[in-house]
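Before I ask anything, let me first share the structure, which is written out below as structure tokens.
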Amino acid sequence: MVILFSPLVTRPSGFGVNAHIPPNPVADRIQQAGIEWVRIDVLWSLIEPEPDIYSWEIYDRLVDRLESRGLRIYAGLGATPEWATSGSPFNGVPDDPDEWREFCYLVAKRYAGRIHAWGPWNEPNLDRFWEGTRTQFIEEILLPAAEAIRMADPSAMIGGPDLAHLRSGHWDDWLRDVIRAAADHLDVVTHHVYPDSADADTVTDDLQYGDPYPWGDPGVREILQDNGWWRRPFWLSETGVESAEEGERDQADFVRDILNQWYEPDRRSRNWVDRIFFYEMVDAPAPSAYTFGLLHGAPDYDEKPPYRAYIDAINELMIFDAEIVSHTLPSFLSPGQEVKVEVTLRNTGSLEWAYHN
């Protein structure tokens, strides 16, 4: 085996943020912080408001905006158009799964090589985002989307199921079933866990250990281990704290604490969360007025303490990490066959390392 290395990077890629459809000033702040990954919303209803009538302008500009700043994109797909469902717009089950499949293919083809990861649907275990059943989600949303995206852009990663970690949403049953049915179609499992108050320990406990009582929820780690996903890529694709409820200082402490708990080099038993995406970059406008933002809302986007805490963590945490850029591994090998493989890796950590044969 021959392994080639790309140059050292000074900021690691484990850091992400949710930003919906960020305007230029927000994209600037993401870049300035050293955050590499941005999770955006790619809405079917916005792109195809009428059957076979497509409007790409918003997302063409958005992808240009993020790409020009060197940001990597994780795009969440969803939002059923009114014309495509007999149910409710936005969260209704598509009447024809082929319409959804076609949309996924077209959007992945249009942004091939530019959007780096796709997540079909958001929090489908909650009624507010998905009216259908678990089986409908797997068979009519996740699998068709994965197949269409893989065909349109083989280089893109496919993530999911982006579940809400809520007992009322039966997250553990959903995650088991999704992994069993779709493991061969996914590159990364993604999940959402929010803290009790602003206590980062509660997120770590939900991920690592679960409820200590036999009748309580298991840890996410247990589900991954028991269903064949252990040591495969896992992203915490949403977590965060509202400053209006907990205060901006506690919000900043949460950002600092959760990153330290998972990314400090001595946390060897906790090195299985590959990326953390904070929810979210900017406080939401009225009427929702959610205050999960690392920044205050428009028009000024002033810094809040958690934004500075995130920058400090990105600059200070010592992380070993790498990703495969290219390889020459054949698709199939005969039993006992020996091959010479060339692999090129990009260092995505903050520490320098080298390969020793």
Smallest heavy-atom separation, Leu77 atom then Cys104 atom, equals CD1-SG, 4.1 Å
Check your understanding: Is the closest side-chain heavy-atom distance between Asp211 and Asp205 below 4.5 Å?
Key -> no
Contacts of Gln225 meeting side chain to side chain donor-acceptor pair (under 3.5 Å) (sequence neighbours excluded), chain-then-number -> none
Review point. Linking I/L/V/M/F/W/Y whenever any side-chain heavy atoms sit under 4.5 Å apart, do Ile276 and Val189 land together?
Key: yes
Correct closest heavy-atom pair for Asp173 and Arg134 would be CB-NH1, 3.4 Å
One should read off an interatomic distance between Asp52 CG and Glu50 CD, to the nearest 0.5 angstrom, of 10.5 Å
side-chain contact (heavy atoms from CB on, under 4.5 Å) for Asn18 and His192? Distances and angles first, verdict last.
CA-CA 12 Å; Asn18 287 264; His192 303 170; 6.0 Å; no
Notebook entry, point to check: After noting the C-alpha distance and the side-chain angles of Tyr111 and His116, does the key distance pass the ring-ring contact (aromatic ring centres under 6.0 Å, His included) rule?
Noted result: CA-CA 9 Å; Tyr111 302 115; His116 306 89; over 10 Å; no
On a heavy-atom basis, the closest approach of Met281 and Ala19 is CB-CB, 4.2 Å
TODO: Determine, for Asp253 against Arg256, whether the closest basic-nitrogen to carboxylate-oxygen distance falls under 4.0 angstrom.
DONE: yes
| Cluster link Ile40 to Trp121, ILVMFWY, side chain under 4.5 Å | yes
The single option from Trp37, Tyr263, Trp262 that satisfies ring pair (Phe, Tyr, Trp, His ring centres under 6.0 Å) with Phe15 is Tyr263
Discussion item. Under a 3.5 Å distance rule, please check whether Ser237 uses its side chain to pair with a backbone N or O of Thr190 as donor and acceptor.
Written reply: no
So, does Arg65 use its side chain to make a donor-acceptor pair with the main chain of Pro22 at under 3.5 Å?
yes
Value for CD (Glu123) from CG (Leu163), rounded to nearest 0.5 Å, stands at 8.0 Å
One should read off an interatomic distance between Ile58 CD1 and Ile47 CD1, to the nearest 0.5 angstrom, of 9.0 Å
Is the closest side-chain heavy-atom distance between Glu238 and Asn122 below 4.5 Å?
-> yes
Practice item. For Arg128 and Asn91, test the side chains for any donor-to-acceptor distance below 3.5 angstrom and give the result as yes or no. Key: no
task: Could you tell me whether the side chain of Asp300 and the main chain of Asp302 form a donor-acceptor pair under 3.5 Å?
output: no
For Asn24 and Arg69, what are the C-alpha separation, side-chain angles and deciding distance, and is it a side chain to side chain donor-acceptor pair (under 3.5 Å)? CA-CA 10 Å; Asn24 277 312; Arg69 291 164 173 81; 3.2 Å; yes
- Following the transitive rule for hydrophobic clusters with a side-chain heavy-atom cut-off under 4.5 Å over Ile, Leu, Val, Met, Phe, Trp and Tyr, establish whether Leu143 and Leu175 coincide in one cluster. yes
Self-check item: pair Leu46-Asp41: side-chain heavy atoms closer than 4.5 Å
Solution: no
| query | Can you find a pair of side-chain heavy atoms, one from Asp201 and one from Gln261, that are under 4.5 Å apart? | reply | yes
Please check if Val17 and Val63 belong to a single hydrophobic cluster, counting links between Ile, Leu, Val, Met, Phe, Trp and Tyr side chain heavy atoms closer than 4.5 Å. yes
If only side-chain N and O atoms count, and only distance matters, is there a donor-acceptor pair under 3.5 Å linking Trp118 with Asp153?
no
**Asked** Are Glu242 and Tyr290 close enough that a side-chain donor and a side-chain acceptor fall under 3.5 Å?
**Response** no
On a heavy-atom basis, the closest approach of Trp44 and Pro94 is CZ3-CG, 3.9 Å
Could you tell me whether the side chain of Trp100 reaches within less than 4.5 Å of the side chain of Thr80, counting heavy atoms only?
no
Between Ser197 (side chain) and Asp199 (backbone), is there a donor-acceptor pair under 3.5 Å?
no
Between Trp171 (side chain) and Val220 (backbone), is there a donor-acceptor pair under 3.5 Å?
no
Could you go step by step and tell me if Ile21 and Tyr59 meet the side-chain contact (heavy atoms from CB on, under 4.5 Å) rule?
-> CA-CA 8 Å; Ile21 304 177; Tyr59 288 103; 3.6 Å; yes
Side-chain contact test, heavy atoms from C-beta onward, threshold under 4.5 Å: evaluate it for Phe234 versus His191 and give yes or no.
yes
Report the C-alpha distance between Leu236 and Leu207 in whole Å, list the side-chain angles of each, state the deciding distance to 0.1 Å, and finish with yes or no for side-chain contact (heavy atoms from CB on, under 4.5 Å).
CA-CA 9 Å; Leu236 179 59; Leu207 291 168; 4.3 Å; yes
- Query: Are Ile141 and Pro124 close enough that some pair of their side-chain heavy atoms sits under 4.5 Å apart?
  - Reply: no
Could you tell me whether the side chain of Arg150 and the main chain of His185 form a donor-acceptor pair under 3.5 Å? yes
Value for CD (Gln251) from CD (Glu246), rounded to nearest 0.5 Å, stands at 9.5 Å
Taking Lys304 for the side chain and Gly293 for the main chain, is one N or O donor matched with an acceptor at less than 3.5 Å? yes
Shared ILVMFWY cluster between Phe137 and Phe103, side chains joined below 4.5 angstrom? yes
Notebook entry, point to check: Backbone N or O of Ile158 within a donor-acceptor pair of the Asp187 side chain at under 3.5 Å?
Noted result: yes
Q.
Less than 4.5 Å apart, side chain to side chain, heavy atoms only: is that true for Glu303 and Leu295?
A. yes
Rounded to the nearest 0.5 Å, the CD atom of Glu82 sits from the OG atom of Ser88 at a distance of 10.0 Å
CZ of Phe254 to OG of Ser243, rounded to nearest 0.5 Å, is 13.5 Å
When every non-hydrogen atom of Gly132 is compared with those of Val93, the smallest separation belongs to CA-CG2, 3.4 Å
Exercise for review: Please lay out, stage by stage, how Trp235 and Phe277 fare under the test ring-ring contact (aromatic ring centres under 6.0 Å, His included).
Suggested key: CA-CA 8 Å; Trp235 295 354; Phe277 291 72; 5.6 Å; yes
- Is Arg176 salt-bridged to Asp172, cutoff N-O under 4.0 Å? yes
For the backbone of Trp272 and the side chain of Trp230, can you confirm whether one donor and one acceptor N or O come within less than 3.5 Å of each other?
no
**Tyr54 and Trp56 aromatic ring geometry - parallel, tilted or perpendicular at 30°/60° bounds** = parallel
Please determine whether side-chain contact (heavy atoms from CB on, under 4.5 Å) holds for the pair His165 and Tyr194, giving the CA-CA distance in whole Å, both sets of side-chain angles, and the decisive distance to 0.1 Å.
CA-CA 8 Å; His165 191 91; Tyr194 285 82; over 6 Å; no
Sorted by chain and number, sequence neighbours left out, side-chain contact (heavy atoms from CB on, under 4.5 Å) with Leu166 holds for Leu126, Ala164, Ser168
Looking only at heavy atoms, the pair that brings Ala156 and Ile149 closest together is CB-CG2, 4.5 Å
Is the distance from the ring center of Trp174 to that of Trp130 below 6.0 Å? no
ask   = Hey, is the main chain of Asp283 close enough, under 3.5 Å, to the side chain of Thr291 for a donor-acceptor pair?
value = no
